[in-house]
Amino acid sequence: MTLGIGVIGAGAIGRDHARRIENALAGGKVVAVNDIDGAASVRAIEELGLKATNYPSAEELTAADEVDAVLVTSSAATHEAFVLQAIAAGKPVFCEKPLAPSIEGARRIVDAEMAAGRRLVQLGFMRRFDPGYRALKQVVERELGPPLMVHAAHRNAASGPGFSTPMAIHETAIHEIDVLRWLLNQDYVSAQVIFPRSSRNAPKGTADPQIVLLETTGGVRIDIEIFVNCTYGYDIQCEVVGEEGLARLPGPEAVTLRKKARLSQPIPTDWMERFIAAYDVELQFFLDNARAGSVSGPSSWDGYVAAVVAEACVEAQGEPGRIVPISLPARPPLYD
Ligand SMILES: NC(=O)c1ccc[n+]([C@@H]2O[C@H](COP(=O)([O-])OP(=O)(O)OC[C@H]3O[C@@H](n4cnc5c(N)ncnc54)[C@H](O)[C@@H]3O)[C@@H](O)[C@H]2O)c1
């Protein structure tokens, strides 16, 4: 059976996911598109050559008989409403991060899914599907002994328009918050943020770089450098130090060039290029599970936890150096 997919939000990642469902993945077909900017839907349908209907509203798209599963790739503030609609319709939904911008919004989705009594939501924390992070997790679990420290960095060449200091947490560190929790299989107990001198390339009045310090339930200390105007490329680093060794995230495969007495290797320029394989794998995983009637992978609970931790980090930004405790309710059995 080929799943009829409805895409809500035909922006950058919505179009990219629609393209991969049509051209790279198996088992799904984009049959419906909605964007609050109708011209964006039309453009996506035409540019990608989709045989899809342009729906006037997200509600109508989700309710349509031809739509078996929904992709929520609209702006962050709209995710909660669209995910709740899909849950109410009993349809599997893949939601790009964040699940919801607020802790309360994320909790409402968890509660709705628990009331439905089954997993319907997969969240777009794609790093869990990146071959490099998966290889690193195997080494951490089998070779390293108990982890002690993690040193991570998330660098973008330049921040987009409208960048603000809290966005470094909500838009950027959120990926590290999730993937390191998954990598270590531990939750967080505290957050702290400190600010080095800001780069001259940071937008006026914003703090960039920032250092986020997290402590886990198992006493692992994590430092994450967030530097979104580093100028040189899109660079994701992760190093785990354990009792019996040190493991480092492999970079993307790239040819090394020896020329004019220099050894060089290209660095990706954006997230789309760096995590292209991870996006393919996460979405194929969603299609396969939705077809089998059992959604799995990064969950609403993971989205809720990320929202709680991100909020603690933003609170910590308000008083650099202060340690903000993090407490989470017990994980509901649906998410075991
Ligand atoms: N997992 C990742 O690595 C990753 C990467 C990029 C973006 N994202 C997330 O995906 C989401 C979209 O990001 P983007 O870069 O594609 O943004 P974008 O601005 O390019 O696209 C968002 C689209 O949503 C549409 N939209 C806004 N409100 C809407 C509504 N009420 N109903 C229907 N459509 C609406 C906009 O018109 C726009 O076309 C964000 O939450 C972002 O954080 C995740």
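Atoms within a ligand are numbered from 1 in the order they appear, just like the ligands themselves.
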Are [X] and [Y] within salt-bridge range, i.e. N to O under 4.0 Å?
X      : Y      : answer
Arg134 : Asp130 : no
Arg127 : Glu176 : yes
Arg108 : Glu104 : no

Going by distance alone, is a donor N or O of one side chain under 3.5 Å from an acceptor N or O of the other, for [X] and [Y]?
X      : Y      : answer
Ser159 : Asn229 : yes
His151 : Gln237 : no
Thr256 : Gln265 : no
Asp280 : Gln284 : no
Arg119 : Tyr335 : no

Does ligand 1 have an atom that lies less than 4.0 angstrom from a heavy atom of [X]?
X      : answer
Met272 : no
Ala58  : no
His79  : yes
Pro98  : yes

Enumerated ligand 1 atoms positioned under 4.0 Å from heavy atoms of [X]:
X      : result
Ala76  : 41 (O)
Ser74  : 11 (C), 12 (C), 24 (O), 26 (N), 34 (N), 35 (C), 40 (C), 41 (O)
Met126 : 1 (N), 3 (O)
Gly124 : 1 (N)

Of the side chain and backbone of [X], name the one, both, or neither that has a heavy atom under 4.0 Å from an atom of ligand 1.
X      : result
Trp271 : side chain
Glu171 : side chain
Phe82  : side chain
Thr78  : side chain
Tyr279 : side chain

His17 ring center near Phe286 ring center (under 6.0 Å): no
Residues Arg43, Asp35; criterion salt bridge (Lys or Arg N to Asp or Glu O under 4.0 Å); working and verdict: CA-CA 11 Å; Arg43 211 167 39 245; Asp35 195 292; over 6 Å; no
In terms of residue, atom name and distance, what is the protein heavy atom nearest to [atom]?
atom                    : result
atom 12 (C) of ligand 1 : Thr73 O, 3.4 Å
atom 43 (O) of ligand 1 : Lys97 NZ, 3.0 Å
atom 19 (O) of ligand 1 : Ser75 OG, 4.9 Å
atom 21 (O) of ligand 1 : Gly11 CA, 3.2 Å
atom 39 (O) of ligand 1 : Asp35 OD2, 2.6 Å
atom 8 (N) of ligand 1  : Glu96 OE1, 4.0 Å

Contact (N/O only, under 3.5 Å) between Ile36 and ligand 1: yes
Nitrogen or oxygen atoms of Ala12 and ligand 1 under 3.5 Å apart: yes
From Leu61, Val7, Ile13, Ile8 - option closest to atom 14 (P) of ligand 1 by heavy atom: Ile13
Reported CD-to-OG distance for the pair Gln210 and Ser198, which is rounded to 0.5 angstrom: 8.0 Å
Arg248 CZ: over 12 foreign heavy atoms closer than 6.0 Å: no
For Asp336, all residues meeting side chain to side chain donor-acceptor pair (under 3.5 Å), sequence neighbours excluded: Arg331
Sequence-distant partners of Tyr133, ring-ring contact (aromatic ring centres under 6.0 Å, His included), two or more places apart: none
Contact bool for atom 37 (O) of ligand 1 (protein heavy atom, d < 4.0 Å): yes
